[in-house]
Amino acid sequence: MAKAQGTVLEVAGHEVTVTHPDKMVFPEAGHPAGGVGVTKLDLVQYYLAVAEGALRGVSGRPMVLKRFVKGIDEEAFFQKRAPSNRPSFVEVAELKYASGRSAEEAVIRDAAGLAWIVNLGCIDLNPHPVLAEDLDKPDELRIDLDPMPGVEWAQIVEVAFVARQVLAEHGLVGWPKTSGSRGFHIYARVDPTRPYKDLRLAAETVAREVENRVPELATARWWKEERGSQVFVDFNQNAKDRTIASAWSVRAVADARVSTPLRWDEVAHCRMEELTLATVTRRYTEQGDPWEGIGEQPGTLDALLALAKELGPAEKPPKGVGRRQSTMPLIEIAKTKTKPEALEWLEVWKAKYPDVAAKLEPVDVLVDGMRGRSSLWYRIRINLQHVPEAERPPQEELLADYNPWAGMTWNQEN
DNA sequence: GAGATCG
DNA sequence: CGATCTCAACGCGAC
DNA sequence: GTCGCG
Ligand SMILES: [Mn+2]
Ligand SMILES: [Mn+2]
């Protein structure tokens, strides 16, 4: 071929081309064979080594492709519509949206599909909680535990065990994994008989019940500024068209952490920083996949939905007139193009108000990644809840006021 | 990342 | 021919 | 419809 050079692999009876096999994807991450640096071909080889486990999480499920074509440090984009020139071993499933639009998402069923996806620049795998055969009847309840800044592992573990208990009391078997980022995931398979609406309600019910049992440790509150040093039980991750990085997915972080399935007896003492592409292949080879039995005892959402009725409608936040009025004393500090820039301005602000800065807790600094139409920028907000009213600095002119529309041409369509 | 289009 | 351009997402609740 | 959130 004139252009499409690359390494051709024979995988599961199919030929898969890996373009730019030597491209350094994780320059700082350890390599399974020792040394530092993980290439695109290494990433493919990783997924082939754990293929059976990785496929247990994604096979037969429509997937969103999260593509890092410019590297792990650059902005990724999501691709729902599978490329039209896909090979025969990649199927599609047509998802329909409330908007009336639809998308043919990729569905893979073998290791060749894994290699093909990695070649597109994907690093983690993002399957929907449904099988291609029935796109509106989810078969997987996903408990997504997102620790607020500063929350430590011991607290995450405690919340995870409470969530496991709540699931068990309602007839569900929870399967634990690290997220590969800071948080934790617990999945429970269910019979695919109910719509997304019920899945989300069940997840919200788990979240509320966990919060009720350990209110100091966990929260079900959606608005960031209303959360304390808690683990957010992110029930909205069970809404339609939302996905989570699957088991055995490598995450796009410098050390190439893996979302690693665990046995419950490992959870308390696991060290997620040690579960990386470099270490996890050996673990998989020696110990197998802790989630091997995940499909064996699917439960139902019935008991959780009954509990939802018992708990009644969730308490709604106070409503104001017009704009949503925040419960918290929030001020905005800076808007910037990059996160490091934003953090620099945060330091500038802290230097300006050292006495105030000393009173802030980690959860009071809100670093928001803002998604525009096709741009990403950052915003720093400060929650002054822990600062006595008299000492609170006012909302001032922004230290930096990045304009996401700057440089855009005037003749954009609307 | 890949295909289309530009020069 | 290589260089450059273009494209690649959306659900949900509150307001 | 827009914003916040993921
Ligand atoms: Mn999470
Ligand atoms: Mn989340």
Side-chain angles (χ1 to χ4, degrees), chain A residues 1-6 17-21 23 25 40 62-71 74-87 95-106 116-123 126 128-129 136 138 142 144-146 148 179 181-183 185 195-197 199-201 203-204 207 219-227 232-245 313-328 330 332 366-376 379 381 404 409 412 414:
Chain A
M1 292 291 127
K3 173 187 163 285
Q5 79 278 46
T17 302
V18 178
T19 58
H20 313 294
K23 179 180 176 186
V25 179
K40 191 178 174 192
M63 298 170 72
V64 175
L65 305 178
K66 187 176 185 183
R67 300 181 59 185
F68 292 83
V69 299
K70 293 178 179 173
E74 298 296 317
E75 189 182 340
F77 60 87
F78 294 92
Q79 180 165 5
K80 292 168 177 288
R81 295 169 182 82
S84 52
N85 65 341
R86 56 193 173 258
L95 280 78
K96 317 234 184 198
Y97 305 121
S99 62
R101 288 159 49 83
S102 66
E104 289 195 328
E105 292 193 4
W116 175 78
I117 282 180
V118 173
N119 184 57
L120 288 175
C122 299
I123 294 178
N126 292 272
H128 289 272
D136 293 310
R142 299 171 173 177
D144 176 25
L145 304 180
D146 291 340
M148 291 295 286
S179 75
S181 181
R182 287 211 333 108
H185 299 152
Y196 271 103
K197 196 169 128 40
L199 184 74
R200 180 176 174 281
L201 177 58
E204 182 178 15
T219 177
R221 287 182 184 260
W222 178 245
W223 301 104
K224 277 191 198 173
E225 66 260 32
E226 296 177 5
R227 303 175 199 159
F232 172 49
V233 187
D234 183 4
F235 55 88
N236 271 330
Q237 215 58 257
N238 289 268
K240 181 179 174 176
D241 200 47
R242 316 208 43 181
T243 59
I244 298 183
E315 185 188 327
K316 299 297 177 204
K319 47 178 93 176
V321 192
R323 282 177 58 106
R324 184 179 82 90
Q325 67 178 51
S326 173
T327 342
M328 294 294 173
L330 287 180
E332 208 169 15
L366 305 170
V367 182
D368 309 313
M370 308 296 289
R371 272 150 297 276
R373 187 74 191 90
S374 77
S375 64
L376 182 62
R379 179 180 71 178
R381 289 178 298 165
T409 56
Q412 47 194 308
N414 243 345

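Numbers restart at 1 for each chain; the letters A, B, ... are given by sequence-line order, proteins then strands.
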- Message: I need the minimum non-hydrogen distance between Ala314(A) and Glu204(A), along with the two atoms involved.
- Response: CB-OE2, 3.7 Å

- Query: Are any of Arg221(A)'s side-chain N or O atoms less than 4.0 Å away from OP1 or OP2 of dG4(D)?
  - Reply: no

- Message: Categorize Arg227(A) for me: base, sugar-phosphate, or nothing, with a 4.0 angstrom heavy-atom threshold over every strand shown.
- Response: sugar-phosphate

- Message: Strictly below 4.0 Å: does Lys197(A) bring a side-chain N or O up to OP1 or OP2 of dC12(C)?
- Response: no

- Item | Interatomic distance at C1', dG6(D) relative to dA9(C), whole Å | 12 Å

- Between CD of Gln79(A) and P of dT6(C) the distance, given in whole Å, is 18 Å

- Side chain of Asp234(A) - closest among dA9(C), dG1(B), dG6(D): dG6(D)

- Which of these nucleotides, dA2(B), dG6(D), dC10(C), is closest to any side-chain atom of Tyr97(A)? dC10(C)

- Task: Give a yes/no answer on whether the side chain of Thr19(A) brings an N or O atom under 4.0 Å of OP1 or OP2 in dA2(B).
- Result: yes

- With DNA chain C as reference, determine whether Arg67(A) or Lys96(A) sits nearer its 5' end, using the nearest nucleotide of each. Arg67(A)

- Task: Rounded to whole angstrom, note down the P distance from dT5(B) over to dA8(C).
- Result: 16 Å

- Closest approach of Thr19(A) to Lys40(A) (non-hydrogen atoms, all atoms of both residues): O-NZ, 2.8 Å

- Message: Let's see if you can work this out: which of dG6(D), dG1(B), dC10(C) has an atom nearest to the side-chain heavy atoms of Asp144(A)?
- Response: dG6(D)

- Message: Under 4.0 Å, heavy atoms only, any strand: does Lys224(A) hit a base, just the sugar-phosphate, or nothing?
- Response: sugar-phosphate

- Message: Counting the atoms with a prime plus P, OP1 and OP2 as sugar-phosphate, which does Phe77(A) contact under 4.0 Å by heavy atoms, base, sugar-phosphate, or nothing?
- Response: base

- Note on the structure: Winner on side-chain proximity to Trp223(A), out of dG6(D), dG11(C), dA14(C), is dA14(C)

- Query: Quick one: which of dA2(B), dC10(C), dC5(D) gets closest to the side chain of Asp241(A)?
  - Reply: dC10(C)

- Is the phosphate of dC12(C), meaning OP1 or OP2, less than 4.0 Å from a side-chain N or O of Arg200(A)? no

- What's the NE2-C1' distance between His20(A) and dG1(B), to the nearest Å? 7 Å

- Query: Which is true for Lys80(A) with a 4.0 Å heavy-atom rule: it touches a base, it touches only sugar-phosphate, or it touches nothing?
  - Reply: base

- Report yes if the side chains of Lys80(A) and Asp241(A) come closer than 4.5 Å at any heavy-atom pair, otherwise no. yes

- Note on the structure: Among dG6(D), dA9(C), dG1(B), the one nearest any side-chain atom of Arg81(A) is dA9(C)

- N/O (side chain, Arg101(A)) to phosphate O (OP1/OP2, dC10(C)) under 4.0 Å: yes

- Message: Ignoring hydrogens, what is the shortest heavy-atom contact between Trp116(A) and Arg86(A)? Give both atom names and the distance.
- Response: CZ2-CB, 3.8 Å

- Item | Distance test, side-chain N/O of Asn236(A) to OP1/OP2 of dG4(D), below 4.0 Å | no

- Message: What contact category does Lys66(A) fall into here, base, sugar-phosphate, or nothing, at under 4.0 angstrom with non-hydrogen atoms?
- Response: nothing

- Task: Might you point out which heavy atoms bring Ile244(A) and Asp144(A) nearest each other, and give the distance in Å?
- Result: CD1-CB, 4.0 Å

- May I ask you to verify if any side-chain N or O of Arg242(A) is less than 4.0 angstrom from the OP1 or OP2 atom of dG13(C)? no

- Heavy atoms of Asn238(A) and Tyr196(A) approach each other most closely as O-CD2, 3.8 Å

- Message: Please confirm whether the shortest side-chain N or O distance from Asn85(A) to OP1 or OP2 of dA2(B) is below 4.0 Å.
- Response: no

